[in-house]
Asks: 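This is the structure I have questions about; it appears just below.
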There are 2 protein chains.
Amino acid sequence: MATGRTHRPATRSRGIPEATVARLPLYLRALTALSERSVPTVSSEELATAAGVNSAKLRKDFSYLGSYGTRGVGYDVEYLVYQISRELGLTQDWPVVIVGIGNLGAALANYGGFASRGFRVAALIDADPAMAGKPVAGIPVQHTDELEKIITDNGVSIGVIATPAGAAQQVCDRLVAAGITSILNFAPTVLSVPDGVDVRKVDLSIELQILAFHEQRKAGEEVGAPEEVAGAVPPPPVAPHRAPSGAPGADSGRQGPDGDVPAVMPA
Amino acid sequence: MATGRTHRPATRSRGIPEATVARLPLYLRALTALSERSVPTVSSEELATAAGVNSAKLRKDFSYLGSYGTRGVGYDVEYLVYQISRELGLTQDWPVVIVGIGNLGAALANYGGFASRGFRVAALIDADPAMAGKPVAGIPVQHTDELEKIITDNGVSIGVIATPAGAAQQVCDRLVAAGITSILNFAPTVLSVPDGVDVRKVDLSIELQILAFHEQRKAGEEVGAPEEVAGAVPPPPVAPHRAPSGAPGADSGRQGPDGDVPAVMPA
DNA sequence: CACTGTGAACGTTTTCACAGCA
DNA sequence: TGCTGTGAAAACGTTCACAGTG
């Protein structure tokens, strides 16, 4: 999952559950595809399949938005596209700044999926003076010094952080001070932000680690017993006090420099 | 959240909850940072703060792994690093292939966070013959024709898909046929895979859409009433049958070509 | 009749609060 | 005393199953 919120505990008013909100973009994607193929209506069953969920869940989700379907028929594709877009706030366009134009930042700048939804890359910002002025995805990179001015002048409220981990909190603080209230963080760090600022994070290596966990499980099962993989390692029995110093493999491939830092490339 | 599983409904045996598994990498990252600063022990409170969760959750999570702490003291950093690494399967190294070497694929290939955990980029694969042989991040790109051979020869079980959406399912099928059992999907499509294959997805534009939703909420609240933003749009009252054709703004910025497809660049 | 919309059952995750131990 | 480990409660999310309706 890749999800770090910062939210008032109980959302007041006609609250749509977080889990539902997180699936709306999925439905929207599936609906957009249907719309392009000029399909006029879908059943919850069909749409659910296209979105990779089950139909009960989809219907429950839609029930939070209102009654947009027709019993016996299904949902009108165009109408639903519109309703979901509106609910997600995609009927307006959102200027976005990307900070940290390394490999990842550049990839994000070039990513077509942003523009096709309501997002517009308003500026690219990097700390490296040598990058200043260089165009990436047709947009000239600007220096970090300009950060506050860029945000104010363009009325930007969403920022993307693609810097190395070491720079992320500092960049975050400046973004927030400049008026940003939503942050998408690609740097492998926990950002601390004041109340009222939303942070979502995407951590590439975390996703792989979760896969590795399940992969390991599978490997274990193949052998037969769901037992600890035989010949693994002697886990220090009770008191772990001084145990670690000798824990075999504990330090194996864990090279010191590099550790957590690199987001992709020093920005 | 970026999360698409394919799992046996109820995990048998000493099952660690999915939610806990998803947080282990977070704890590991925080612990690794402490380890590098030679901090010997942490309390659940400190570690929780560093990982961005609350301490009750962290202690519950750890309780699924076993009793690795010392009451009145806390957790031994090195020992916990080892235990969590082992639980996640990071004490072995995992060869990984990346398919689709566009901007994003290249960024992933260069990403330091993979190597620093147990992951090794075993091969880069792209459909473009012109890319074949070109080194990216020091690794020569190989042509898709070699896909099956690469996977078999290297015993790869984890694949990363960074192709455009249109190619993703096809690539996925070949990966699975070749023996891959875990996939990290960056293409904005739902992949269908047989049982026993895990898929996790990361969709950059979905994350932004979720932020936009909350951002819109904030904007609405500022004005005062948690009511529908005034002067929004006339939602067709009851029967939505023919409504969409005229739904204002429904087709606003939604340019036809581009729609869902571009993962970043035609691989 | 085929479908949506939804209460109610169920399962999972989070949080609370405290007993138990070093 | 200061912490962990954990039952029990509460919150949240999913699934079931069917009543309601175009």
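Sequence lines set the chain letters: A, B, ... in the order given, protein chains first and strands last, and positions in each chain run from 1. The basis for the numbers below is simple: all heavy atoms, side chains too, and nothing from hydrogens, waters or symmetry mates.
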Asks: Taking only the side-chain heavy atoms of B:Ala19 (C-beta and beyond), determine which of C:dT14, C:dA22, C:dG7 contains the nearest atom.
Replies: C:dT14
Asks: Could you give the CZ-to-C1' distance, from A:Phe62 to D:dT14, as a whole number of Å?
Replies: 16 Å
Asks: Rounded to the Å, how far apart are B:Leu65 CG and D:dT6 P?
Replies: 11 Å
Asks: Would you list the protein and nucleotides 17-21 of chain C atom pairs, both N or O, that sit under 3.5 Å from each other?
Replies:
| residue | atom | partner | partner atom | Å |
| --- | --- | --- | --- | --- |
| C:dG20 | N3 | B:Arg71 | NH1 | 3.2 |

Asks: So which of residues 43-52 of chain A are in contact with DNA chain C, with a heavy-atom cut-off of under 4.0 Å?
Replies: A:Ser43, A:Ser44
Asks: With a 3.5 Å cut-off and no angle check, do the side chains of A:Ser205 and A:Gln209 form a donor-acceptor pair?
Replies: yes
Asks: Do A:Ile210 and B:Glu18 have side-chain heavy atoms sitting under 4.5 Å apart?
Replies: yes
Asks: For A:Ser44 and A:Arg59, which I'm curious about, is there any donor-acceptor pair between the side chains at under 3.5 Å?
Replies: yes
Asks: Report the distance from atom CD of A:Glu18 to atom P of C:dT13, rounded to the nearest whole Å.
Replies: 17 Å
Asks: Are side-chain heavy atoms of B:Leu24 and B:Leu65 found at a separation under 4.5 Å?
Replies: yes
Asks: Does either side chain, that of B:Thr189 or that of B:Gln169, offer a donor lying less than 3.5 Å from an acceptor on the other one?
Replies: no
Asks: Which listed nucleotide (C:dT14, C:dT13, C:dG5) is nearest to the side chain of B:Arg23?
Replies: C:dT14
Asks: Using a 4.5 Å cut-off on heavy atoms from C-beta on, say whether the side chain of A:Arg29 contacts that of B:Val190.
Replies: yes
Asks: What integer distance in Å separates A:Tyr68:OH from C:dG5:P?
Replies: 11 Å
Asks: Is a side-chain donor-acceptor pair under 3.5 Å present for B:Thr181 with A:Glu215?
Replies: yes
Asks: Are A:Lys57 and D:dT15 close enough that a side-chain N or O sits under 4.0 Å from OP1 or OP2?
Replies: yes
Asks: Distance check needed: D:dT4 C1' versus B:Tyr64 OH, whole Å only.
Replies: 15 Å
Asks: Is there a side-chain contact between A:Tyr75 and A:Thr70 (heavy atoms, below 4.5 Å)?
Replies: no
Asks: Check the distance between C:dT15's P and B:Leu58's CG and give it to me in whole angstrom.
Replies: 12 Å
Asks: Atom CG of B:Asn54 to atom C1' of D:dT4: distance rounded to whole Å?
Replies: 15 Å
Asks: Using whole Å, what does the distance between atom P of nucleotide D:dT4 and atom CG of B:Asp61 come to?
Replies: 14 Å
Asks: Would B:Tyr79 and B:Tyr82 count as a close aromatic pair, with their ring centres under 6.0 Å?
Replies: no
Asks: Using a 4.0 Å heavy-atom cut-off, does B:Tyr75 contact any base of the nucleic acid, only the sugar-phosphate backbone, or nothing at all?
Replies: sugar-phosphate
